[in-house]
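Written out below as structure tokens is the structure these notes cover.
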Amino acid sequence: MIDRNAFRRQPDVLQAALSRRNMALVAEGSAWQRALALDVEQRRGKQQAEALQAERNRVSKLIGQKKRSGEDASGELARMAEVGAETTALDHKAKAAEEAFTQALLEIPNPLHDSVPDGDDEDANVELRRWGNPRADAVPNHWDIGGDRLDFEAGARLAGSRFSVLRGPMARLERALMQLMLDLHVDRHGYEEVWVPAIANRETMMGTGQLPKFEADLYRLAGEDAFLIPTAEVPVTNLYRGMVLEAAQLPIRHCAYTPCFRREAGSAGKDVRGLIRQHQFDKVELVQLVHPDTAHEALEQLTGHAEAVLQTLELPYRVVVLCAGDVGFSSEKTYDLEVWLPGQQCYREISSCSCFGQFQGRRAQIRFRDQPKGKPQAVATLNGSGLAIGRTLVALLENGWQPDGSVRLPEVLHPYMGGMQMIPAAGKGGAS
RNA sequence: GGAGAGAUGGCUGAGUGGCCGAAAGCGGCACCCUGCUAAGGUGUUACACGGGCAACUGUGUCGAGGGUUCGAAUCCCUCUCUCUCCGCCA
């Protein structure tokens, strides 16, 4: 949620920052324009209602005093009978106006950080650096390398399209990667591991910005106002919803493994083959709650922590900064890590690291006191994938592929794979 | 899933229609006293939003939402959560 005070004091600055994302955001009929109009209406209604309430409270108190001392209060009572109904009506009107205002505010995205480059879509994202040496030889796609151990037919039969079943060494590799990533972030980067529910209620989804705007992207539970989480960011950030923290508690750093569920509405036809775009996938997520002054410093660090996973797995990648038109709703700045996939001869997103400034902190009411007696202010939040596990598995298969069909595994993985150094070539038909 | 009990400030806990934004205790903070420590004394100590340069002031908040009433922590309705017992279950 954008800052109400800034919204009132310098709407021009905010409007400029918003229009960098997309001019439509500030056009006629946009949530922004609605909010501007509703704010005025909302405040006027509130003042009228409060004036009447003050009158009612004053007279009611008088009636109480008179009754106690045995005096006659029928004059006041008669007067208040009329005022009462009017008060209720005005109060309801004021509440409705405030509700509409808040709804409009919730639909306004986070204004961008100044360092975000201009641009309309992903083509304008800016590459910042590369790591590793991409192999240039001809490598099969991961689904060919995986063979019958990546079973998309079984996934479709059990659940539907975009679901999969992993068998044997592939299932083990999925599990090994979870462990490796969590261990790395806990032991080397100082994150506290948490384990959280994969279902979140509406309030929780509101807190991190998935709702109210993006309900169509979520799986909703029938008969309940609850959803499957699209990322661990949701439950982990909301761990602190409604809390006032002490400055000394910051920064808070958590990593978590969860399954993630996405409807992928609107991505019809994209990545239909293979593991790249699934309705259910595994991810280890990094989440930080920090002092707003250090937020962007923290983003650099957090991005480095995600990069460390790729480096330890010896996977070539590049870092891009998303341009204005490509940054997500709640984020003020985002780096994507893109891993080299030799089977597709391209870089594919494997991690997205975002700084949300105080946007989520305000929405979810996660605050802290800078001074012991000071006014609580919203914390800054950040998160990043560290990493998406299915896509990491894909990258390992394609980058580790050997001409004989086997897959060489990087050394750090060997202990997690029970000593296995190679995944044998896929069998020719039949389960291996 | 069934039956019952409950939800009050940072915490414990009183409060069954007006004198209650809320007793008391603990904790926190400030000051005083004391050679240090300990003990003691006095005062103070919720949040949000609106108006005001400010002093200050208005409104709302006793799990959430609605209702009754001139007036609700207190009465009524709905919901959420917690606890106990029963059932079921990894």
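Throughout, protein chains are lettered first and strands after them, A, B, ... in sequence-line order, and every chain is numbered starting at 1.
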Give each protein N/O atom lying under 3.5 Å from an N/O atom of nucleotides 60-66 of chain B, with the pair distance.
{"from": "B:G60", "atom 1": "OP1", "to": "A:Arg56", "atom 2": "NH2", "distance (Å)": "3.2"}
{"from": "B:G60", "atom 1": "OP2", "to": "A:Asn57", "atom 2": "ND2", "distance (Å)": "3.1"}

| query | What are the two closest non-hydrogen atoms of A:His291 and A:Leu250, and how far apart are they? | reply | N-CD1, 3.9 Å
| For A:Arg44, which contact category applies under a 4.0 Å heavy-atom criterion: base, sugar-phosphate, or nothing? | nothing
| A:Gln42 and A:Lys46, any side-chain heavy atoms less than 4.5 Å apart | yes
| task | Verify the distance criterion only: is there a donor paired with an acceptor across the side chains of A:Glu332 and A:His296 at less than 3.5 Å? | result | yes
| request: State yes or no: are the ring centers of A:Phe163 and A:His279 separated by less than 6.0 Å? | output: yes
| task | Could you tell me how the ring of A:His189 sits relative to the ring of A:Tyr191: parallel (under 30°), tilted (30 to 60°) or perpendicular (over 60°)? | result | perpendicular
| message | Once side-chain hydrogen bond (donor to acceptor under 3.5 Å, both in side chains) is applied, what residue pairs with a partner in residues 171-180 of chain A remain, sequence neighbours excluded? | response | none
| request: Take atom C1' in B:C33 and the same atom in B:A22, then report the distance between them in whole Å. | output: 33 Å
| request: Taking only the side-chain nitrogens and oxygens of A:Arg58, find out if one of them lies under 4.0 Å from OP1 or OP2 of B:C70. | output: no
| said: Classify A:Glu76 by what it touches in the nucleic acid, base, sugar-phosphate, or nothing, heavy-atom distance under 4.0 Å. | reply: nothing
I'd like a list of close polar pairs between nucleotides 16-21 of chain B and the protein, N/O only, cut-off under 3.5 Å.
{"from": "B:G18", "atom 1": "O2'", "to": "A:Arg68", "atom 2": "NH2", "distance (Å)": "3.0"}
{"from": "B:G18", "atom 1": "N2", "to": "A:Ser60", "atom 2": "O", "distance (Å)": "2.7"}

| query | How long is the line joining CD of A:Glu99 and P of B:C49, in whole Å? | reply | 16 Å
